[in-house]
Structures are given as structure tokens and as C-alpha cells.
Amino acid sequence: MYIATLLCNPSTPCLDPALVDSLRNAWGGGEALWLAPDIAAEFPLEARPDNQWKVWEDLQALGVDLVVQPAANRRKKMLLADMDSTMIEQECIDELAEEAGVGARVKDITARAMNGELDFDGALTERVALLKDLPEAVIGQVLDTRITLMPGGPALLATMKAEGAYAALVSGGFTAFTARIAAELGFDENRANTLLVADGKLTGKPGLPILGREAKVEALEQITAKLSISEADVIAVGDGANDLGMLLRAGSGVALHAKPSVAAQCEIRINHGDLTALLYIQGYARADFKG
């Protein structure tokens, strides 16, 4: 048994009941259940449709995301999340680079690294070097003035935590940022790289070893072992090439507003919805949301 979920951006509700009924009828699905009026609906299916991705493509043009997944074990016991451009709307290192006057150079490297065109470790080392001598105090300024939470994040954390789920923030960014974001949103733990500081200024070097793609997979392995749950009990979310390892291993790997090369490898692709999409695809209705 499978579940088909249709959803859109909650800030611009556009899910037409006629569209849901039309697709349900075409696929021979069961009765549609509305999780949020004009925003999210689901219906059961006996089998995965052969034309799933053709329909997905058509719906993208209408501003609607479509997810088809097994009905069993949809509601997860753990959230494993990337931070930059996932739980927050920015890339922290790009924002620091703007303050250092090297924004354009760093943004180009970041974009290429997240698209999988560059080695992550080398790209991070190169970008951090460009931040040499930036005052450490700028980190707090960036957090206060440039960093904003991704819509839906507070509801995602509050709702899953209320249901007893564990939440881990794992980032190729920096602990100076993950510590605050994790505390603000209610993550149980956070893992990230460190920016080395001397005499109140960034040294231009990251702490070693660098946390990249493999470290995110290790976090998945270590935390599930600690909790005595399986990787199938995890929903992971990210947008960049260094997230692919954990996205492909988790029970539900969500490519959220992801780079095309990343989304193409994932079964769950959310391009229009916000982080509440992770609740809808687990079967939570808007009335179930906390926070």
C-alpha cells in the first residue's frame, strides 16, 4: 500500500480539490483526506503509479509537490536535518563573506560545492581562508541581522518532538551557528565544523577533521544506534550534494528546494512547500501541528 500526498506553499494556498479528485480517480486511489484546506491532501494507492514522475513534472508547473511513498512506517522517530538553506534561509559562510568583503567569490564556491561540482573539504578550506582576520564578533552580528529561519521549521520541530521524536542538526557549516539555531528550534544535538579563532579574529582555518558528506552519514549511523532505532525510522532533509549520503540512507530522504543534481537522486522532492511538508508527508494534519 502506498500514500500519495499533494501539497503546496502554505503562504500561497493553491491546491485545487478538483485536481486532487482528478488524480485520485486517474490512479484508482482511495478516499482523499485533506490535511490542510487548499494546502495538503493525501489518498491511498494499491501500487506505485508508472507515470508518477510525468505527473510530478506536470504538477510542478502548477506550484504543487507530489510525493508517493509506502504507507508503512511513514511517521518517523528521528529528524536529521541540514542547516544552511534548509533549517535557515541562508548559507552562513556566504553571509560572513559579505561582511568580509569577499561575498561574490565565496558564494560562487558555495554554489558549486552544493551542486557537487567541487570537493566539499577543499571548497570549505578555500572559503574559510578568505575569512582570515574577520573579527569573531561578526558571527554574532550575522546571526542577529542576516539569519532567518526557514518557514515551517518551528512547527516541524515542535510537532515531532511532541510525538517523542529525536532531532539532530548536522551541518557542513559551523558550530557558532548550529548551537544557536539548534537551541532556538529545539534540536536535541548539533554537529558542525568549527571556525578557529586567535586574538579575537578568525585564523582563516577550519578545525579538523572537516565535517562533510561522510560525517553526516556517520551521524545517522551513530544516533540511530544510540537510540536503538533503524535508519528506516529517520526522516532526513537537506539541499546540497554533501547531504546526499544521509538522504539516500534515511527511511525518508527529503530534498528540500534542492540543487537539481541532488533532487534528481531523491524520491521525495519538495520544491514548493516549506518545512511543514515534512509533517504532511508523515500524515500529520494542520490541526496536529504544535508550536
Side-chain angles (χ1 to χ4, degrees), residues 1-9 14-36 38-81 152 156 160 165 217 220 224 229-239 241 243-286 288:
M1 182 68 72
Y2 290 82
I3 296 288
T5 307
L6 293 93
L7 57 93
C8 63
N9 187 334
C14 65
L15 188 56
D16 186 346
L19 173 66
V20 175
D21 288 341
S22 175
L23 184 59
R24 180 181 64 82
N25 291 333
W27 280 353
E31 185 176 354
L33 172 66
W34 281 88
L35 303 172
D38 303 322
I39 296 171
E42 66 177 36
F43 55 83
L45 293 167
E46 289 293 335
R48 188 184 292 276
D50 292 336
N51 65 340
Q52 173 188 343
W53 292 110
K54 175 62 172 69
V55 172
W56 176 88
E57 198 170 291
D58 292 342
L59 292 177
Q60 286 293 293
L62 301 176
V64 174
D65 290 315
L66 167 69
V67 175
V68 179
Q69 61 181 325
N73 197 32
R74 276 207 285 163
R75 194 159 290 192
K76 303 304 183 184
K77 300 175 182 177
M78 175 179 158
L79 169 68
L80 186 63
L156 171 62
M160 288 192 68
V217 173
L220 174 64
T224 52
I229 62 175
S230 75
E231 294 178 6
D233 293 319
V234 178
I235 185 168
V237 60
D239 72 304
D243 298 315
L244 268 173
M246 69 175 186
L247 294 180
L248 297 177
R249 287 273 294 270
S252 295
V254 181
L256 181 81
H257 306 165
K259 311 303 179 285
S261 61
V262 176
Q265 299 183 59
C266 297
E267 287 291 317
I268 302 177
R269 309 167 191 174
I270 302 298
N271 291 330
H272 301 288
D274 63 15
L275 281 166
T276 59
L278 275 70
L279 293 173
Y280 292 130
I281 65 175
Q282 291 183 77
Y284 289 99
R286 178 65 185 85
D288 300 324

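Along the sequence shown, the residues carry numbers beginning at 1. Every heavy atom of this structure was used, including side-chain atoms; hydrogens, water molecules and symmetry mates were not.
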Interatomic distance, Leu23 atom CG to Leu6 atom CG [nearest 0.5 angstrom]: 5.5 Å

Heavy atoms only: give me the nearest Met246-Val217 pair and the separation to one decimal. N-CG2, 3.8 Å

Assess the side chains of Asn25 and Ser22: does a donor N or O sit below 3.5 Å from an acceptor N or O? no

Between CD of Glu31 and CZ of Arg24, what distance do you get to the nearest 0.5 Å? 7.5 Å

Any donor-acceptor pair under 3.5 Å from Arg269 side chain to Ala264 backbone: yes

Taking all non-hydrogen atoms of both residues, which atom of Trp34 and which atom of Ile39 are closest, and how far apart? CZ3-N, 4.2 Å

Is there a donor-acceptor pair under 3.5 Å between the side chain of Gln265 and the backbone N or O of Leu244? no

Closest heavy-atom pair and its distance - Phe43, Val20: CE2-O, 4.1 Å

Evaluate side-chain contact (heavy atoms from CB on, under 4.5 Å) for Leu275 paired with Ile270, printing each intermediate quantity in order. CA-CA 9 Å; Leu275 281 166; Ile270 302 298; over 6 Å; no

Could you pull out all residues at least two apart from Trp56 that satisfy ring-ring contact (aromatic ring centres under 6.0 Å, His included)? Trp53

Residues Ala255 and Ala263: closest non-hydrogen pair is CB-CA, 4.0 Å

Measuring from atom CG of Leu247 to atom CD1 of Ile268, what distance do you get when rounded to the nearest 0.5 angstrom? 9.5 Å

Going by the rule salt bridge (charged side-chain N to carboxylate O under 4.0 Å, His left out), which residues pair with Glu57 if we only count those two or more places apart in sequence or in a different chain? none

Short side-chain to backbone donor-acceptor contact, Asn271 and Gln60, under 3.5 Å: no

What's the spacing between Ile281 CD1 and Leu7 CG if we round to 0.5 Å? 8.0 Å

Leu62 side chain reached by Cys14 side chain, heavy atoms, under 4.5 Å: no

Quick test of your reading: applying salt bridge (Lys or Arg N to Asp or Glu O under 4.0 Å), list the pairs with at least one residue in residues 60-77, sequence neighbours left out, ordered by first then second residue. Glu42-Arg74

Between His257 and Asp239, is any pair of side-chain heavy atoms under 4.5 Å apart? no

I'd like to check Leu278 versus Tyr284 (side-chain heavy atoms, cut-off strictly below 4.5 Å). Are they in contact? no

Between CG on residue Leu33 and OG1 on residue Thr5, distance to nearest 0.5 Å: 9.5 Å

Which distance, rounded to the nearest 0.5 Å, do you find between the SG of Cys8 and the CG of Leu59? 11.0 Å

Write down the atom of Ala41, the atom of Leu15, and the distance for their closest heavy-atom approach. N-CD2, 3.8 Å

Worked verdict on Thr224 versus Asp233 for side-chain contact (heavy atoms from CB on, under 4.5 Å): CA-CA 8 Å; Thr224 52; Asp233 293 319; over 6 Å; no

Can you see which heavy atom on Gly273 is nearest to which on Leu256, and at what distance? O-CD1, 4.2 Å

Check: Asp21 side chain, Ala18 main-chain N or O, donor-acceptor pair, under 3.5 Å: no

For Val68, does its backbone N or O pair with a side-chain atom of Arg48 as donor and acceptor, under 3.5 Å? yes

Go through it in stages, so that I can follow the logic: the residues are Val262 and Asp243, the test is side-chain contact (heavy atoms from CB on, under 4.5 Å), and I'd like the CA-CA distance, side-chain angles, deciding distance and then a yes or no. CA-CA 8 Å; Val262 176; Asp243 298 315; 5.7 Å; no

